[in-house]
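Here is the structure we will look at, set down as structure tokens.
Residue numbering restarts at 1 for every chain, and letters A, B, ... go by the order of the sequence lines. Note that the structure is a prediction, hence the values are computed from the model and not measured.
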There are 2 protein chains.
Amino acid sequence: MSKYINAMNDIFKALNDATRREILDLLKQKDLSAGEIADAFNISKPSISHHLDILKRADLITSEKNGQFIIYSINTTIMEDVLQWILTFKQ
Amino acid sequence: MSKYINAMNDIFKALNDATRREILDLLKQKDLSAGEIADAFNISKPSISHHLDILKRADLITSEKNGQFIIYSINTTIMEDVLQWILTFKQ
DNA sequence: TATATATTTAGACAAATATCTAAATACTTT
DNA sequence: AAAGTATTTAGATATTTGTCTAAATATATA
């Protein structure tokens with residue numbers, strides 16, 4: 001099993017959850033702390049933390065510590081892999 | 001919850017499995033019967049049938065009965081929804 | 001009509017997933 | 001140093017998922 005296939009697995013797994021897709025939609029607009037992200041959902045902070053971990057493992061987001069906050073940012077370049085796969089279906 | 005979001009859920013759920021993505025890759029090349037698809041994998045026919053059902057519910061494939069065979073075809077138009085969503089991440 | 005072939009449905013089960021609460025870690029402020 | 005804030009880790013649990021075998025359904029052929 002190639003690294004490419006593992007990456008695709010991680011990406012599709014990460015995208016297979018409405019909450020995680022919404023998190024990406026939020027981060028598309030601006031960087032946010034874990035707490036700010038959690039505040040946007042009726043889900044506990046530990047659960048959001050877990051979702052962030054899955055997105056991070058898929059390389060869809062990155063994080064940077066800023067004092068006591070952890071700021072999450074979207075990594076749009078990884079979407080290119082999915083985009084390319086999708087494009088193979090265009091005729 | 002909108003119909004759009006349900007559709008996206010079904011699509012991402014369907015794509016979140018390497019076997020199902022491979023089935024789509026096969027059907028990209030040509031229409032195949034359920035048996036021909038099953039022959040391409042080391043998975044039982046009932047399991048493949050279940051995968052086909054999930055792909056069909058997501059509208060990613062269509063099926064047509066031809067005698068005792070059921071021929072599956074890819075529906076590329078539904079990929080447009082995913083494509084559009086992915087494209088919102090391009091800067 | 002009986003038998004063979006193609007596919008799905010039903011039911012079971014182990015593994016993966018999303019969620020929670022409680023506790024731990026790390027940083028900031030008083 | 002103690003208390004407060006931000007976040008994650010740990011552990012538990014209910015639900016979902018992928019797989020299997022056995023049985024049912026539908027079509028074709030002898």
>> Whether the side chain of E80(A) engages the backbone of T76(A) through a donor-acceptor N/O pair (distance < 3.5 Å, no angle test) should be reported.
In response: no
> Short question: side chain of R20(A), backbone of L15(A) - any donor-acceptor pair under 3.5 Å?
Replying inline: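 Checked: no pair found.
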Roughly, in whole Å, what's the span from [atom1] in [X] to [atom2] in [N]?
X	N	atom1	atom2	result
Q68(A)	dT25(C)	CD	C1'	13 Å
D53(A)	dT19(C)	CG	P	14 Å
I70(A)	dT28(C)	CD1	P	12 Å

Once side-chain hydrogen bond (donor to acceptor under 3.5 Å, both in side chains) is applied, do any residues pair with [X], and if so which ones, sequence neighbours excluded?
X	answer
E64(B)	none
N16(A)	none
D39(A)	none

> OP1, OP2 of dT7(C) versus side-chain N and O of S49(B): anything below 4.0 Å?
Replying inline: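 Checking dT7(C) against S49(B), no side-chain N or O comes under 4.0 Å of OP1 or OP2.
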>> Please identify the 5'-most and 3'-most nucleotides of DNA chain D with any atom under 4.0 angstrom from a heavy atom of chain A.
In response: dG4(D) to dT9(D)
> Got a sec, which residues hit ring-ring contact (aromatic ring centres under 6.0 Å, His included) with F69(A), two or more places apart in sequence or on another chain?
Replying inline: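 Testing F69(A) for ring-ring contact (aromatic ring centres under 6.0 Å, His included), a comparison that skips the adjacent residues, returns none.
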> Does F12(A) have any ring-ring contact (aromatic ring centres under 6.0 Å, His included) partners at least two apart in sequence or in another chain, and if so, which?
Replying inline: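 F12(A) satisfies ring-ring contact (aromatic ring centres under 6.0 Å, His included) with W85(A) only.
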Protein N or O to nucleotides 11-17 of chain C N or O, pairs below 3.5 Å:
none

> What salt bridge (charged side-chain N to carboxylate O under 4.0 Å, His left out) pairs are there with at least one residue in residues 66-78 of chain B, not counting sequence neighbours?
Replying inline: none
[Y] and [X], any side-chain heavy atoms less than 4.5 Å apart:
X	Y	value
M79(A)	L87(B)	no
L32(A)	I23(A)	no
K90(B)	L83(A)	yes

N/O donor-acceptor pairs under 3.5 Å from side chains in residues 41-49 of chain B, not counting sequence neighbours:
from	atom 1	to	atom 2	distance (Å)
S44(B)	OG	S47(B)	N	3.3
S44(B)	OG	S47(B)	OG	3.1

> By a strict heavy-atom criterion of less than 4.0 Å, which residues belonging to residues 56-65 of chain B are in contact with DNA chain C?
Replying inline: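 Contacts with DNA chain C under 4.0 Å: none.
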>> Using a 4.0 Å cut-off on heavy atoms, which residues in residues 32-46 of chain A reach DNA chain C? List them by number, or say none.
In response: I43(A), S44(A), P46(A)
Side chains of residues 52-59 of chain A: which donor-acceptor pairs under 3.5 Å do they make with residues two or more places apart or in other chains?
from	atom 1	to	atom 2	distance (Å)
D53(A)	OD2	R57(A)	NE	2.9
K56(A)	NZ	S63(A)	OG	2.8

